[in-house]
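Residue numbering restarts at 1 for every chain, and letters A, B, ... go by the order of the sequence lines.
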Protein chains: 2
Amino acid sequence: MHDKSSSNLCPAPLVFAMIGGKWKLSILQILIFDGTKRFGELRKAIPEITQTMLTKQLRDLERDGLVERVVYAEVPPKVEYSATEDGVGLMPVFKEMHTWWEARKSWSKAP
Amino acid sequence: MHDKSSSNLCPAPLVFAMIGGKWKLSILQILIFDGTKRFGELRKAIPEITQTMLTKQLRDLERDGLVERVVYAEVPPKVEYSATEDGVGLMPVFKEMHTWWEARKSWSKAP
DNA sequence: ATACTTAAGTATCAAAACGATACTAATGGA
DNA sequence: TCCATTAGTATCGTTTTGATACTTAAGTAT
């Protein structure tokens, strides 16, 4: 199934271009685990990000098919973002990251 | 085990600071799956990276305990890099990324 | 002796990404 | 008429990253 050579894994540069932006994983994590969010809700959920960057990263994610954007014809504006099926497929990656982080915490405290 | 809220996953910003650099996952992938490499071998394995950046990202990874650096007192210099136990712990994350990438490829071609 | 080679860097400067702040548009309500 | 609201865009300064050249130290060839 998996073999031990890195060359038989996915082409890292391609994947990292898709999910490797400074804020992309944060955005995806929220949309994948918490579901649809409005622009302003994402902003509140990631307080460190600037509006400009949030817009840009969302556009990138949309272009790459990981996030879907729905605009409502209302005033004031209402725009909802959600993870696509493809985006939700990243859930196991996040779970493994979580597992790694937890394991790390416990044995990094050991003498 | 895992719950469905993003707030119960790892603090994304911390993890992404460690492994989210532009080249860090590429470097880690090689060291994790292929084992120890010399500086020059990494450079050849990731042709797009500049020498300056490779040095910097390796120093970051070393500082964060994911990569180990061994200098041999030889001329010309010989420096070997390898993933630490902690770094190798990321292997399942890479494997899930690979699974995702493969799944994506197959059904993105479907009509 | 002098010059050349090699590997792993550093130094320097230009380009790109990112951050802070201010501004815009459209509508309903005071 | 003016204000509040939401999701942006515009502008400009700072920080990261990229391209290129230089450094260091010992062995090897001349």
- Message: Is it the case that the side chains of A:Tyr81 and A:Glu68 hold a donor-acceptor pair, with the cut-off being a distance below 3.5 Å and no angle test?
- Response: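 On atom types as modelled, these side chains do not qualify, holding no pair under 3.5 Å.
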Check the distance between [N]'s [atom2] and [X]'s [atom1] and give it to me in whole angstrom.
X: A:Met53; N: C:dT21; atom1: CE; atom2: P; value: 16 Å
X: A:Gln51; N: D:dT11; atom1: CD; atom2: P; value: 16 Å
X: B:Glu74; N: D:dT28; atom1: CD; atom2: P; value: 13 Å
X: A:Lys56; N: C:dA20; atom1: NZ; atom2: P; value: 17 Å
X: B:Ile49; N: D:dT16; atom1: CD1; atom2: P; value: 16 Å
X: B:Phe39; N: D:dT24; atom1: CZ; atom2: C1'; value: 15 Å
X: B:Lys37; N: C:dA7; atom1: NZ; atom2: C1'; value: 17 Å
X: B:Glu80; N: C:dA8; atom1: CD; atom2: C1'; value: 13 Å

- Pairwise distance CZ(B:Arg59) to NZ(B:Lys56) - rounded to 0.5 angstrom: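 Reported value, rounded in 0.5 Å steps: 11.0 Å.
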If the cut-off is 4.0 Å, is [X] near the phosphate of [N], judged by side-chain N/O to OP1 or OP2?
X: B:Arg38; N: C:dA7; value: no
X: A:Lys22; N: C:dG19; value: yes
X: B:Arg59; N: C:dG9; value: yes
X: B:Tyr81; N: C:dG9; value: yes

In terms of side-chain heavy atoms of [X], which of [options] is nearest?
X: B:Arg69; options: D:dT17, C:dG9, C:dG19; value: C:dG9
X: A:Thr55; options: C:dA8, D:dG8, D:dT17; value: D:dG8
X: B:Val75; options: D:dA26, D:dT9, D:dT17; value: D:dA26

- If you pin A:Thr52 and A:Pro77 to their nearest nucleotides in DNA chain C, which one's is more 5'?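 Its nucleotide being nearer the 5' end, the pick is A:Thr52.
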- Message: Pick the closest DNA chain C nucleotide for A:Pro76 and for A:Trp23 by heavy atoms, then say which residue is nearer the 5' end.
- Response: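 It is A:Trp23, whose closest nucleotide lies nearer the 5' terminus.
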- Query: Hey, any chance B:Leu14 and B:Ile19 share a hydrophobic cluster, counting ILVMFWY side chains that come within less than 4.5 Å of each other, even indirectly?
  - Reply: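 They do share one cluster, since a chain of ILVMFWY contacts under 4.5 Å joins B:Leu14 to B:Ile19.
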- Name of the residue among B:Thr84, B:Thr36, B:Leu42, B:Val88 meeting side chain to side chain contact (heavy atoms under 4.5 Å, CB included) with B:Leu31: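 So, applying the side chain to side chain contact (heavy atoms under 4.5 Å, CB included) to B:Leu31 and each of B:Thr84, B:Thr36, B:Leu42, B:Val88, only B:Leu42 qualifies.
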- Message: Determine whether a donor-acceptor pair (N or O, by modelled atom type, separation under 3.5 Å) exists between the side chain of B:Glu41 and the backbone of B:Arg38.
- Response: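 Yes, the answer is positive, given that a donor and an acceptor are paired below the 3.5 Å cut-off.
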